[in-house]
Amino acid sequence: MKNDTQNNKKLGQLDAYSTSNENEKLTTNQGIRINNNQDSLKAGDRGPTLLEDFILREKITHFDHERIPERVVHARGSGAHGVFKLNKSLSAYTKAKFLSKVGTETPVFVRFSTVAGSKGSTDLARDVRGFAIKFYTEEGNYDLVANNMPVFFIQDAIKFPDLVHAVKPEPDNEIPQAASAHDTFWDFISLMPESSHMIMWLMSDRAIPRSLRMMEGFGVHSFKFINEEGKVHFVKFHFKPKLGVHSVAWDEAQRISGVDPDFHKRDLWEAIESGAFPEWDFGVQLIPEEDEHKFDFDLLDPTKIIPEEEVPVQLVGTLTLNRNPENFFAETEQVAFHPGHVVPGIDFTNDPLLQGRLFSYTDTQLSRLGSPNFHEIPINRSLNTVHNNQRDGHMRQQIAKGKVSYEPNSIGGGCPFQAMMSEGGFTSQEERVSGEKVRKRSQSFVDHYSQAKLFYNSQSGPEQVHLQNALVFELSKVTIPEIRERMVGQLAFIDDTLANKVAEKLGVKVKKLKQPNQSIPADADPAELQSEEREPKTKVSKALSMENTVKDTIKSRKIGFIAANGADGSLLNALKTKLEAEGAKVELIAPSLALIKTTDGSLVPKHSLTSTASVCFDALYISAGEKSAQELMGSENKHLSLRFINEAYKHCKAIYFGAGTDILYDNSNIAMKQHEDPAVVMEKDGGSDEQFIKAVAAHRVWELEQERNR
């Protein structure tokens with residue numbers, strides 16, 4: 001009953017630890033009120049400062065140690081509180097309580113992040129995104145440390161330091177920051193065939209999401225569910241955004257990095273503050289233990305997906321983020337995730353990448369947070385009071401009573417007692433394990449190309465073009481010709497057209513590398529190694545293309561209204577009302593931040609043409625009114641106005657020209673369009689608000705990208 005009460009109150013888990021300085025007196029960290037916080041204690045007003053000034057020393061000492069070491073990977077992050085609600089019971093598969101009773105609400109904290117860059121890097125780097133969820137369940141904390149891509153670069157954790165060292169800035173000159181387009185990364189990748197599938201994801205538009213709210217989350221590894229009877233199922237975890245999966249163009253991403261490097265962080269914060277709470281459907285792919293070997297790949301291989309056509313994703317719950325952190329450092333920066341934080345009913349597989357992570361994360365927290373007591377930091381505390389015989393350690397906060405710090409004991413009455421299974425005690429799956437002690441990769445892990453081929457073939461035409469262009473951009477930054485040639489040789493095993501397109505732009509010949517069918521010998525040259533090529537069982541998977549995700553809502557889309565003096569205020573406000581009723585966010589852009597005098601009043605702009613850019617918006621409305629259009633086309637504003645319009649058009653966004661704005665349309669690049677363009681709406685030609693709303697919901701018209709950029 002106590003746990004249930006705690007659980008119900010826990011949606012505001014940190015409230016008991018949060019403080020407010022409103023109407024309070026200034027104190028030291030020991031609670032002593034401070035009389036003078038302006039001057040240090042000195043021997044005379046011009047004399048030396050005294051060592052006894054404990055207020056000065058406390059303040060400076062705290063300042064000197066305010067920063068903890070940033071994460072080696074996932075340093076740049078954004079976090080939010082929320083709740084996970086179970087809509088369909090999984091009790092037939094797992095005894096985890098938060099997944100058993102329909103309607104159960106579990107508080108969560110979610111941290112999104114880039115992987116390669118430092119804490120100060122841009123949000124819009126081409127990169128994997130972390131998607132880590134801490135579930136504060138009634139049985140203890142469960143951490144699902146996920147990514148926005150369902151596979152990974154490597155199959156064994158022993159290669160993780162090599163991967164990260166390769167992608168990080170090169171050690172001789174610390175260049176480049178938050179970028180994989182350099183020699184060491186592609187040198188490593190070109191020698192690692194197992195990375196082929198992940199490279200397709202990384203070079204795809206999935207690596208440059210429009211918003212953290214518009215990307216999927218995947219548990220990457222196969223885990224195990226265990227029910228009350230001990231029955232085991234393999235499970236893959238999925239989070240599917242209610243808003244669909246959407247990206248930005250690479251050119252757009254680079255521009256956003258200059259205009260607003262905090263684009264994703266700001267977008268998440270503002271969405272939650274405005275009440276447009278991000279939501280994801282939580283789903284699972286379940287495979288009975290006896291079916292482990294029925295696939296043409298190994299379930300333990302983290303470079304493989306289970307195609308949804310073979311094992312559909314069952315949607316069972318909803319993840320909602322509804323509260324921003326009160327303090328970024330205390331919460332988002334100090335939150336500590338670990339895939340080894342599990343609850344009864346969830347267990348590990350022998351995935352060699354996962355096995356290594358079970359060691360790495362604890363080791364990382366000890367380094368970053370400085371103590372084995374990192375679990376006592378408020379954001380990391382479980383709902384349940386901790387009861388064990390661990391004591392002491394740096395920054396210990398819990399005050400444990402009594403003289404017993406060991407087990408078994410009689411002095412303390414044997415407390416705390418071990419919990420039986422029926423009492424929720426965690427037990428690992430009992431399974432037979434035997435084999436020779438070897439350093440060897442399973443032969444079932446040798447196929448490296450079939451799923452890379454599946455991913456590429458599943459992309460829409462525009463997505464394939466974007467992927468090709470990404471490879472060309474990245475490999476053009478490689479200064480060593482042999483690396484470029486070797487990488488093109490890898491691509492040849494995935495798709496001939498892909499390899500030829502990239503090779504042509506790089507000026508190299510396509511040459512496949514040698515393909516042995518046996519396990520890798522210890523003394524082999526990695527440059528000559530390739531795996532056996534197989535035909536994927538599933539030839540195309542619709543779930544792998546962003547083209548097939550949600551395109552029927554404008555909820556939380558950011559729409560820029562460009563207007564000047566003389567704009568038709570009634571039409572502007574009417575459209576604004578319609579868009580906001582659909583959940584969109586409207587922001588006014590003008591030549592300056594001065595009041596705009598409309599036909600029926602005045603409006604205060606949010607931005608000027610010089611303080612923002614089209615890349616910060618999902619769509620544009622050029623406000624009706626000839627006088628407004630004339631001012632926007634005046635000598636001081638013409639270049640800025642047309643750049644806004646042309647750039648949005650280049651990036652395939654919806655643009656709505658209100659009545660009387662012909663002069664802007666006629667002088668823009670849009671006037672030269674050769675095909676019917678559903679994203680360009682002209683009020684004078686009968687275009688309607690509804691047509692514009694439909695165009696915004698479609699996100700982009702990528703299929704016309706080449707024609708638009710011609």
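Partners of K168 under the salt bridge (Lys or Arg N to Asp or Glu O under 4.0 Å) rule, at least two apart in sequence or in another chain, do not exist in this structure. With sequence neighbours excluded, the residues forming a ring pair (Phe, Tyr, Trp, His ring centres under 6.0 Å) with F225 are F237, listed by chain and number. When the ring pair (Phe, Tyr, Trp, His ring centres under 6.0 Å) test is applied to H375, no partner is found at least two apart in sequence or on another chain. Among residues two or more places apart in sequence or in another chain, the side chain to side chain contact (heavy atoms under 4.5 Å, CB included) test is passed with D39 by N36, K42. Judged as a salt bridge (Lys or Arg N to Asp or Glu O under 4.0 Å), and not counting sequence neighbours, E58 has no contacts. Here V335 pairs with R71, F109, R111, K134, F337, I379, N380 under the side chain to side chain contact (heavy atoms under 4.5 Å, CB included) rule; sequence neighbours left out. Partners of D267 according to the side chain to side chain contact (heavy atoms under 4.5 Å, CB included) rule, which considers only residues two or more places apart in sequence or in another chain, are R210, S211, R213. By the salt bridge (Lys or Arg N to Asp or Glu O under 4.0 Å) test, K159 pairs with D162, sequence neighbours left out.
The aromatic rings of F282 and F239 lie tilted to each other, with the angle between the two planes from 30° to 60°.
Looking at L124, L268, T122 one by one, the single match for side-chain contact (heavy atoms from CB on, under 4.5 Å) with F263 turns out to be L124. If you run ring-ring contact (aromatic ring centres under 6.0 Å, His included) between W280 and each of F131, F218, F84, only F131 comes through.
Sorted by first and then second residue, the side-chain hydrogen bond (donor to acceptor under 3.5 Å, both in side chains) pairs involving residues 335-352 (not counting sequence neighbours) are D143-H341, H221-D351, H338-T362. Sorted by first and then second residue, the salt bridge (Lys or Arg N to Asp or Glu O under 4.0 Å) pairs involving residues 357-368 (not counting sequence neighbours) are E333-R368. Counting only residues at least two apart or in different chains, ring-ring contact (aromatic ring centres under 6.0 Å, His included) contacts with residues 405-428 are absent.
Between the side chains of H182 and S180, no donor N or O sits under 3.5 Å from an acceptor N or O. Q390 and Q398 form no side-chain donor-acceptor contact under 3.5 Å, judged by distance and modelled atom types alone. Donor-acceptor pairing under 3.5 Å is recorded for the side chains of D301 and Q155. N324 and E273 form a side-chain donor-acceptor contact under 3.5 Å, judged by distance and modelled atom types alone. Side chains of E216 and H238: a donor-acceptor N/O pair is absent below 3.5 angstrom, by distance only. Side-chain contact of S113 with H74: a donor-acceptor pair under 3.5 Å is present, judged by distance alone.
By the neighbour-count criterion of 12 heavy atoms within 6.0 Å, atom CD of Q30 is sparsely surrounded, having that number or fewer from other residues, nucleotides or ligands.
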Distance-only donor-acceptor pairs under 3.5 Å for side chains of residues 94-103, two or more places apart:
residue, atom, partner, partner atom, Å
T94, OG1, A96, N, 3.1
T94, OG1, G345, O, 2.8
S100, OG, A96, O, 2.7

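Atom-to-atom distance recorded for N227:CG and H233:NE2 is 8.0 Å, nearest 0.5 angstrom.
For E279 (side chain) and T320 (main-chain N/O), no donor-acceptor pair under 3.5 Å exists by modelled atom type.
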